[in-house]
Amino acid sequence: MRNVIEIVRDADRYRSSVINLQASENAVSPNVIRAIGSDFASRYSHIENGVNDYGGTRFAEELEDTVSRKTSELFGLKHAEVRPLSGHIAAMTVLAALVRRGESVMKIPESVGGYTGYSGNYLPKMMNFKSYDIPVTADGFVDYDGLAKQAEYIRPKMILLGQSIFVKSYDMARIREVCDQNSCIIGYDASHVMGLIAGGEFQKDLKKADIIFGSTHKTFFGPQGGLILTDDDDLYRRVEENITWKTMDNYNIARMAGVGVAIEEMMKYGREYAPRVIRNARNLAKALDEHIHIKYGPWYTESHQILMEPGWLSSHGYDFVRFSRVMEDNGIIVDRIGRIGTAEITRMGVDDVDELAAMMIDAFKGVDVKDRVNKFVRNMKMRYYES
Ligand SMILES: *Cc1c(COP(=O)(O)O)cnc(C)c1O
């Protein structure tokens with residue numbers, strides 16, 4: 001068996017030699033790496049009723065306060081909870097705080113990209129709440145009239161928006177109306193699109209949601225983590241009561257420091273980054289579509305993701321797994337559920353996706369493009385951080 005540090009070194013070397021198009025991932029800056037590798041990595045700090053249970057925490061306390069305030073400022077929301085260890089833990093904390101046993105939520109069906117954790121066997125089963133699918137139209141988007149009708153019947157405590165396959169934002173005004181009529185809360189899981197939203201893109205009227213939460217590492221610039229955001233004092237208080245010794249004890253202070261650095265990077269560069277991510281996604285879709293069919297042409301996407309169609313792929317002898325393997329053999333990394341994402345390449349300085357599309361098309365046809373990929377990778381350079 002090899003030493004772990006050798007595996008780590010090889011993984012670093014490998015990942016810096018390939019093009020990453022996975023929609024759930026991003027690259028972190030050297031400053032974020034510095035923060036997550038700091039002394040904070042093995043410290044504790046919790047404040048209960050104004051007193052810290054640990055000593056030596058003056059900088060940890062300053063850190064938590066600073067990161068939380070800067071997060072609020074970045075998103076323009078009054079309260080920001082930055083301790084959740086991941087998007088899933090953030091979701092769990094919100095659900096534990098706001099949905100009681102036996103109550104119902106309505107969520108986006110998994111079949112159109114809704115988050116698996118909200119389906120029956122996962123969080124609902126563990127936490128004893130009921131989970132119903134929001135009706136969708138034939139093309140896979142929310143059926144607002146259907147939702148209005150079903151909500152009257154189901155009387156959900158929460159309408160839980162957000163999805164893992166996510167190319168179109170919602171009509172928040174319609175959903176707000178439904179929730180106002182049925183006194184429910186709108187929860188918005190922004191895991192995939194947090195970095196786009198921080199940069200002023202995608203769901204522009206997000207504030208019509210009551211509570212927003214999600215991951216810090218998909219389109220956002222951070223290490224893996226979660227955020228919870230709200231303007232509502234009461235919802236925030238209830239969330240706060242469900243953290244320490246409930247969904248978490250320590251919150252990986254060094255991770256939070258990394259998130260804090262990412263927040264600062266977003267404050268400075270988010271408005272440059274987010275529109276470029278979306279433009280890259282659309283341009284890539286356009287360039288691929290004639291040879292590798294991409295869904296929802298001619299608009300394709302409002303986000304960082306573009307989607308392939310399993311039916312079209314199988315008529316060309318591929319499924320998502322084989323497509324991913326063929327790309328991977330050439331140094332191009334895509335997931336195995338048909339998404340192609342442009343967050344990381346955009347962060348790595350790519351503004352022109354024509355050669356990337358050409359390499360993917362050639363690889364798809366069986367041509368070896370490894371040398372071209374190497375050349376492409378050598379020209380990538382991280383941006384949007386203080387060097
Ligand atoms: C990725 C994802 C999560 C889980 O996020 P983690 O940070 O991996 O825990 C939750 N909800 C949605 C919609 C996601 O896409």
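We count ligands from 1, going down the list as the structure has it; atoms in each ligand are counted the same way.
- With hydrogens left out, the protein atom closest to atom 4 (C) of ligand 1 is Tyr115 OH, 3.5 Å, a heavy atom.
- Under 3.5 Å, the side chains of Thr301 and Gln305 contain no donor-acceptor pair of N or O atoms.
- At a heavy-atom cutoff of 4.0 Å, ligand 1 is contacted by both the backbone and the side chain of His88.
- Using a 4.0 Å cut-off between charged side-chain N and carboxylate O, Asp39 and Arg43 make a salt bridge.
- Within the 4.0 Å heavy-atom cutoff, Gln163 counts among the residues contacting ligand 1.
- Every N/O-N/O distance between Ile89 and ligand 1 stays at or above 3.5 Å.
- Legend: residues meeting side-chain hydrogen bond (donor to acceptor under 3.5 Å, both in side chains) with Lys70, ordered by chain and number and at least two apart, are Glu264.
- With respect to the salt-bridge test (charged N to carboxylate O, under 4.0 angstrom), the residues Asp319 and Arg336 do not qualify.
- Checked by distance only, ligand 1 and Asp189 come closer than 3.5 Å through their nitrogen or oxygen atoms.
- Taking the ring axis of Phe221 as reference, the NZ or CZ atom of Arg347 stays within 45° of it and closer than 6.0 Å to the ring centre.
- Cluster partners of Val18 are Tyr14, Ile333, counting Ile, Leu, Val, Met, Phe, Trp and Tyr whose side-chain heavy atoms approach within less than 4.5 Å, directly or via other members.
- Looking at Ala90, Gly87, Ala23, it is Gly87 that brings a heavy atom closest to atom 6 (P) of ligand 1.
- Contacts with ligand 1 closer than 4.0 Å are made by side-chain heavy atoms of Ser191 only, the backbone lying farther away.
- No salt bridge links Arg69 with Glu73; every basic N to acidic carboxylate O contact stays at or beyond 4.0 Å.
- Below 4.0 Å from some heavy atom of His217 lie the following atoms of ligand 1, by number and element: 7 (O).
- In this structure the side chain of Ile211 reaches within 4.5 angstrom of the side chain of Val239, judged on heavy atoms.
- Close contacts of ligand 1 with Ser164, meaning ligand atoms under 4.0 Å from a residue heavy atom, involve 12 (C), 13 (C), 14 (C), 15 (O).
- Annotation for ligand 1: atoms under 4.0 Å from non-hydrogen atoms of His192 are 15 (O).
- For ligand 1, the atoms closer than 4.0 angstrom to any heavy atom of Ser215 are 5 (O), 6 (P), 7 (O).
- Of all atoms in ligand 1, listed by their number and element, those nearer than 4.0 Å to a heavy atom of Lys218 are 1 (C), 2 (C), 3 (C), 5 (O), 14 (C), 15 (O).
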